[in-house]
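Each residue takes its place number in the sequence, starting with 1. In this text the structure is predicted, and so the values were computed from the model without any measurement.
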Amino acid sequence: MEPIDIGLVVTGVMLVVVVLGMRVAFAAALAGVIGLIWIFWSKKGYAGDEFFWALTVAVKTAGQVPHSKVSSQALSLIPTFILIGYLAYYAGLTKALFEAAKRWIAWVPGGLAVSTVFATAGFAAVSGASVATAAVFARIAIPEMLKIGYDKRFAAGVVAAGGTLASLIPPSALLVIYAIIVEQDVGRLLLAGFIPGVFSAFVYGALIIGLALTIKGFGPPVGGFTWRERFVSLPPALPIVFVVVTIIFFVYNPFGGDAWGTPTEGGAIGAFVVFLMAVWRGMRWPELKDALLETAKLSVMIFTIIWGVLIYVRFLGFADLPSAFADWITSLTLSPMLILICILLAYAVLGMFMDAIGMLLLTLPVVYPAVMALNGGAMVSAADSTFGMSGPMCAVWFGILVVKMAEFCLITPPIGLNCFVVAGVRPDLSVQDVFRGVMPFFVADAVTIALLVTFPMIVLWLPGLA
């Protein structure tokens with residue numbers, strides 16, 4: 001059996017066991033090790049006395065992955081970004097953000113729901129975890145919306161969908177993971193996520209306003225705030241702005257010249273600033289301990305998935321499956337844009353059965369080279385490319401599209417993680433209630449993805465300035 005055939009068989013079996021319920025990290029690592037053993041043993045003609053040699057080489061090959069990737073500077077971004085989010089919660093920044101958004105935005109139709117969306121977008125700017133964002137605002141925003149008559153399912157849907165914005169708006173753990181897998185610049189990808197993330201928030205807001213204008217009693221506006229009350233609400237939320245500006249300046253200096261440092265240093269300084277703010281606002285050791293423990297748990301989970309999948313990626317390299325898939329994609333007679341749309345639709349279907357991180361890590365090693373080949377290659381110029389952008393810019397554009405699809409998967413049944421989190425925080429809501437509540441946001445996400453595909457400059461303008 002040829003290596004590529006081994007790659008197809010092992011990949012097919014791995015996908016089956018993942019769908020059946022095995023954790024992605026363990027399924028991928030196991031598939032990678034078995035695949036490596038199979039390939040090495042096949043090169044020796046399946047001789048019985050060579051099996052232990054193949055086993056030894058495969059284990060050594062797989063064992064190099066954890067150390068080589070843990071020592072990567074890019075991975076250190078993930079725990080700092082997650083820590084920022086948990087510390088911001090204990091610093092009271094979430095309540096401050098929601099209160100400021102409510103006083104400034106709630107006067108529009110469906111205003112409290114729109115305020116929730118923009119408050120989650122603001123919190124996403126200091127939290128790289130969608131799940132944490134959804135959990136925090138399920139406690140804060142849903143009771144406020146229920147008080148003034150919102151349907152409980154839609155209120156839950158607003159929070160679950162709003163939480164997905166943390167996947168795009170930097171700091172984003174998913175963008176860091178994408179950068180590591182495809183070996184692209186982390187800073188450029190974080191910059192690229194800012195405008196599409198804010199754009200997504202505006203599309204959500206427009207959807208809510210449209211529903212409020214067409215459905216009677218859908219979401220009454222909330223007024224009565226004076227200008228003084230509005231301006232008073234801004235200072236408590238200013239640390240969010242400071243952290244965002246710090247991270248951006250450490251990625252890209254908008255005043256010209258070199259950036260102030262690396263994204264890793266920006267994340268560490270942002271975490272330190274939020275830590276000081278949390279201490280000043282009354283956080284003590286029990287809260288700090290909880291923040292550190294939750295950060296460690298989520299970081300270890302992400303690292304474990306990365307390690308397991310990278311063992312599988314090492315096997316794919318020996319099987320030559322990514323190159324074969326790229327050759328097959330480029331040989332199709334369909335238009336490249338139609339092929340890209342089919343790939344994105346495949347992500348939408350796959351996301352119904354897998355979590356966002358696992359889905360990206362398992363598919364990118366095969367799909368990314370194919371998309372780059374469609375555009376003309378990793379080093380193609382914009383003038384010679386298929387999609388009208390250079391190879392590095394195509395990598396950034398596709399990264400934002402894929403992460404946006406991962407956002408979409410966080411709210412799709414049957415395993416939309418944000419929906420389960422919101423239902424877990426609110427005992428009065430079932431998971432089915434939350435899934436019904438997020439259904440209108442499927443339309444908003446589809447519109448956003450279509451616009452990002454049609455107008456790539458929404459993604460590429462800001463990183464193009466760097």
Side-chain angles (χ1 to χ4, degrees), residues 7-25 27-28 31 130-131 157 160-161 163-164 167-168 174 177-178 181-182 196 200 203 305 309 312-313 316 321-322 324-326 328-329 332 334-372 374 397-421 431-432 434-454:
L8 290 171
V9 171
V10 171
T11 299
V13 173
M14 182 197 64
L15 291 176
V16 169
V17 298
V18 167
V19 171
L20 291 176
M22 180 179 278
R23 298 288 184 181
V24 170
S130 296
V131 172
T164 65
S167 296
L168 268 185
L174 280 183
I177 291 170
Y178 174 86
I181 295 297
V182 304
S200 296
V203 174
I305 295 174
V309 171
Y312 167 71
V313 170
L316 288 181
L321 196 59
F325 184 72
W328 176 71
I329 286 290
L332 296 175
L334 302 173
S335 72
M337 186 57 72
L338 181 59
I339 294 173
L340 176 65
I341 292 171
C342 290
I343 289 173
L344 296 178
L345 290 175
Y347 271 111
V349 175
L350 191 59
M352 295 179 182
F353 308 100
M354 298 178 65
D355 64 277
I357 296 175
M359 182 182 68
L360 292 188
L361 288 170
L362 286 179
T363 59
L364 283 175
V366 176
V367 173
Y368 172 77
V371 172
M372 297 304 289
L374 277 178
W397 178 58
F398 181 63
I400 298 302
L401 293 178
V402 168
V403 170
K404 182 61 187 175
M405 291 306 301
E407 281 189 5
F408 185 71
C409 298
L410 286 168
I411 56 174
T412 52
I415 62 166
L417 192 55
N418 277 19
C419 296
F420 279 94
V421 168
V431 175
Q432 290 77 14
V434 186
F435 278 128
R436 291 191 187 98
V438 298
M439 288 182 66
F441 295 95
F442 294 163
V443 177
D445 279 338
V447 169
T448 301
I449 292 166
L451 291 173
L452 295 180
V453 171
T454 307

**Prompt:** For the residue pair Thr11 and Gly7, what are the closest heavy atoms and their distance?
**Reply:**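 In this case the closest contact between Thr11 and Gly7 is OG1-O, 2.7 Å.
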
**Heavy-atom pair with the smallest gap, counting every atom of Ser167 and Leu410** = OG-CD1, 3.6 Å

How about [X] and [Y]: do any of their side-chain heavy atoms sit closer than 4.5 Å?
X      : Y      : result
Leu360 : Ile181 : no
Asn418 : Val438 : no
Val371 : Trp397 : no
Tyr347 : Leu401 : no
Val453 : Leu344 : yes

**Asked** Is it the case that more than 12 heavy atoms not belonging to Met337 sit under 6.0 Å from its CE atom?
**Response** yes

**Message:** Using a 3.5 Å distance criterion without hydrogens, assess whether the side chain of Thr454 forms a donor-acceptor pair with backbone atoms of Leu451.
**Reply:** no

**Asked** Once the angle between the rings of Tyr368 and Tyr178 is folded into 0 to 90°, is it parallel (under 30°), tilted (30 to 60°) or perpendicular (over 60°)?
**Response**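 Rings of Tyr368 and Tyr178: perpendicular, as their planes differ by over 60°.
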
**Request:** Could you walk me through whether Phe442 and Phe408 pass side-chain contact (heavy atoms from CB on, under 4.5 Å), step by step?
**Result:** CA-CA 7 Å; Phe442 294 163; Phe408 185 71; 3.7 Å; yes

**Prompt:** Between Ser200 and Lys404, do the side chains contain an N or O donor and an N or O acceptor separated by less than 3.5 Å?
**Reply:**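 There is such a pair between these side chains.
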
